[in-house]
Amino acid sequence: MTSTLFTGGGVFDGHRYRGAADVLVVDGRVAVVAAPGEVGAAPDVAVVDADGALLLPGFTDAHVHAVQGGLERIRCDLSEASTAAAYQRVVGDYALAHPEAAWVQGGGWAMSAFPGGTPTADLLDAVVPDRPVFLPNRDHHGAWVNSRALALAGIDEHTPDPADGRIERDAQGRPTGTLHEGAMHLVSRLLPPTHASEHDAALAEAQRYLHSVGVTGWQDAIVGAYAGMDDPGPAYVRAARAGTLTADVVGALWWDRERGLEQLPDLLALRAAYTTGRFRATSVKVMQDGVAENGTAAMLEPYLDRCGHPTSASGHSFVDPHVLRTAVPVLAAAGFQVHVHAIGDRGVREALDAFESLDEAGRSLRHHLAHLQVVHPDDVPRFAELGLTANMQTLWACLDEQMAELTIPFLGPERSAWQYPFGDLHRAGAALAAGSDWPVSTPDPLAALHVAVNRVERGADGPAGHEPFLPEQALPLEVALAAYTSGSAGLNGRHDAGRLAPGAVADLVLLDRDVCAGPVEEVGAAGVVGTWVAGEQVHGAT
């Protein structure tokens, strides 16, 4: 029997802040949560001194692309750069260091680094003229390619836009180097296959990185082939069978938007084939719309042009709303949780409408809508009414350059005020979960929590400086912490995780300070000292 006593700090139990408390872990489970000094020391009990910091349940990321994030970290990783010149240097250096690579792959660039959010092929041609380059942006709704890639794909001024995407063009109609949504496939179909060993290395790196920021479980939001990315499911299965998957993971199987209910047998077969050990393929991911920055998020009213006039474009519903309303009850009846990407107010409404016919048993599966950038006020109370969870990516709810330059001008003032209404959703009784969408943005829960409670990035120096974005939508710290712990763990069906109570699994994270006892303006300054999964330390040196 192995025992560990965590003492000398504060405790957040997954629902509320308990102040100073001791936590005894025995054989991978929480045995006792008690007032300081009530648990007596014993020779066979290891002691971890929290030194005035905070112990809480391990974070569960309710929407992440871990293998994809890991691949970007071991390939041409642009996530740490922020300007066009810096991206060029990273790409050029990577190409020089990897002459054997037939393609330069990776990603992670920010749209705000380029005029209009659209980088051009000539910037890549200057540093990689001899090989094709394919680099998705941070949100993976667009890709930056060089001239060699365009030529190999046969993309020119005569190439039509696909129904679900757009080729960025100059005034003469010539492709400029940015491919939006379904247009990415015109190039990604040519990418060389990723070997299983590279997927395994990517998952190992992703798991190491996620544990380092206190994440002990997650829901992988796309398990399947999408936008040039191979299915990560087999990598999870190999890791689960080998015992190297230390995190608890739910996989959301990709709903092919080109097909309908005829794909249900395939989803059932994948669930049976993939579910093993710590990996369960029990959710289905539907991408209902795109993103606001490139005009593909589905809006009830048209986008505006740069002069503030309505355009003819209102975004894409990637899945026909009638098909979605038919599919959701069938998926629920088959025991699948449904996980919907919904960004625009029309996308959100179409998703909500699809869940209206579910009975109590169907609603018990913790279906959820992720992102929720623009939500019409009439739809806010429907989350609680329909038993749906709001899956929040709170890091995005701030006034950064992308928001100021690529979003607000094209939404207008009324819709801009409907963005990321997490406070309203909480006050209306919606269940909350939280995630990062890494590699779209950092997987660090503390960075996301900082924005959740302050509505501004820590150290922000963007167009509005430290001005909070719609501060009335900020969440209380306990509510935000609960969303990232018990809320997301419950979403993943782990009712014995995400909380510190006798019998709960000892998935734990120890911070370097007690964020509940300090000012909320300093939440993002905290760091992770140690992370434990089922009582075994997976990160840190404590």
Side-chain angles (χ1 to χ4, degrees), residues 64-111 113-114 119 121 123-150 152-153 177-179 184-185 187-210 212-213 220-236 238-239 436-443:
V64 68
H65 307 278
V67 176
Q68 177 183 321
L71 277 174
E72 290 189 4
R73 285 180 67 83
I74 64 177
R75 287 176 170 174
C76 184
D77 182 10
L78 302 178
S79 62
E80 297 301 316
S82 59
T83 67
Y87 293 143
Q88 282 185 295
R89 286 194 296 272
V90 173
V91 174
D93 290 346
Y94 180 88
L96 285 173
H98 296 84
E100 79 290 349
W103 284 68
V104 173
Q105 297 184 72
W109 52 272
M111 296 174 71
F114 303 96
L123 295 174
L124 291 175
D125 296 343
V127 292
V128 189
D130 59 328
R131 283 173 283 169
V133 180
F134 181 82
L135 299 169
N137 66 9
R138 289 182 183 177
D139 64 23
H140 283 252
H141 289 264
W144 183 16
V145 298
N146 67 349
S147 295
R148 181 66 179 145
L150 291 170
L152 285 173
T178 300
L179 306 174
M184 292 187 288
H185 181 67
V187 171
S188 67
R189 62 186 174 85
L190 304 176
L191 295 173
T194 300
H195 296 294
S197 60
E198 194 172 8
H199 276 129
D200 293 344
L203 177 54
E205 169 58 17
Q207 180 172 258
R208 183 207 63 77
Y209 185 34
L210 289 165
S212 77
V213 294
D220 194 305
I222 297 180
V223 173
Y226 164 72
M229 295 170 287
D230 296 324
D231 182 2
Y236 280 114
R238 289 190 295 271
S436 67
D437 207 8
W438 180 61
V440 174
S441 46
T442 176

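Because only heavy atoms are used, hydrogens play no part in the values below, and waters and symmetry mates are left out as well, while side chains stay in.
- For the atom pair CG (Asp230) and OG1 (Thr194), the distance works out to 4.5 Å, reported to the nearest 0.5 Å.
- When every heavy atom of Trp109 is checked against every heavy atom of Ala143, the shortest pair comes out as CZ2-C, 4.0 Å.
- Remark: Asn137 pairs with Asp139 by the side-chain hydrogen bond (donor to acceptor under 3.5 Å, both in side chains) rule, at least two apart or across chains.
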Assess the residue pair Trp438 and Val213 against the criterion (side chain to side chain contact (heavy atoms under 4.5 Å, CB included)); give the C-alpha distance rounded to whole Å, side-chain angles, the decisive distance to 0.1 Å, and a yes or no.
CA-CA 12 Å; Trp438 180 61; Val213 294; over 6 Å; no

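- Residues satisfying the side-chain hydrogen bond (donor to acceptor under 3.5 Å, both in side chains) criterion with Asp93, sequence neighbours excluded, are absent altogether.
- The two residues Ser82 and Ala113 have their closest heavy-atom pair at O-CB, 3.5 Å.
- The line from CZ of Phe134 to CG of Leu191 is 5.5 Å long, rounded to the nearest 0.5 Å.
- Within the 4.5 Å cutoff, the side chain of Thr178 has heavy atoms near those of the Pro119 side chain.
- Between Gln68 and Pro439 there is a side-chain heavy-atom pair separated by less than 4.5 Å.
- The heavy-atom pair separating Leu150 from Ala121 by the smallest distance is CD1-CB, 4.4 Å.
- With a 4.5 Å cut-off on side-chain heavy atoms, Ser441 and Arg138 do not count as touching.
- Arg131 places a side-chain N or O within 3.5 Å of a backbone atom of Ala101 that can act as its donor or acceptor partner.
- At least one side-chain heavy atom of Val90 sits under 4.5 Å from a side-chain heavy atom of Cys76.
- Annotation: salt bridge (Lys or Arg N to Asp or Glu O under 4.0 Å) contacts of Asp200 (sequence neighbours excluded): Arg238.
- Scanning both residues, Glu72 and Gly108, for their nearest heavy atoms gives OE1-N, 3.8 Å.
- Inter-residue side-chain proximity for Val128 and Tyr94 is flagged as unmet; no heavy-atom pair is nearer than 4.5 Å.
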query = side chain to side chain contact (heavy atoms under 4.5 Å, CB included) between Leu123 and Trp144: does it pass, once the steps are laid out?
reply = CA-CA 10 Å; Leu123 295 174; Trp144 183 16; 3.8 Å; yes

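- Counting heavy atoms from C-beta outward, Leu78 and Val91 have side chains that approach closer than 4.5 Å.
- For the atom pair CG (Leu203) and CD (Glu198), the distance works out to 13.0 Å, reported to the nearest 0.5 Å.
- Closest of all the heavy-atom pairs between Leu210 and Pro443 is CD2-CB, 3.5 Å.
- A pairwise comparison of heavy atoms in Leu135 and Gly107 identifies CD2-N, 3.7 Å as the closest pair.
- A donor-acceptor pair under 3.5 Å is absent between the side-chain atoms of Gln105 and the main chain of Arg75, judged by distance alone.
- Taking the side chain as every heavy atom from C-beta outward, Asp231 and Val223 approach each other to under 4.5 Å.
- In this structure, His199 and Leu71 have side chains that are in contact, with non-hydrogen atoms separated by less than 4.5 Å.
- The aromatic rings of Phe114 and Tyr87 sit parallel to each other, their planes meeting at less than 30°, with 60° as the upper class boundary.
- Using modelled atom types, one side-chain atom of Asn146 and one backbone atom of Val133 make a donor-acceptor pair closer than 3.5 Å.
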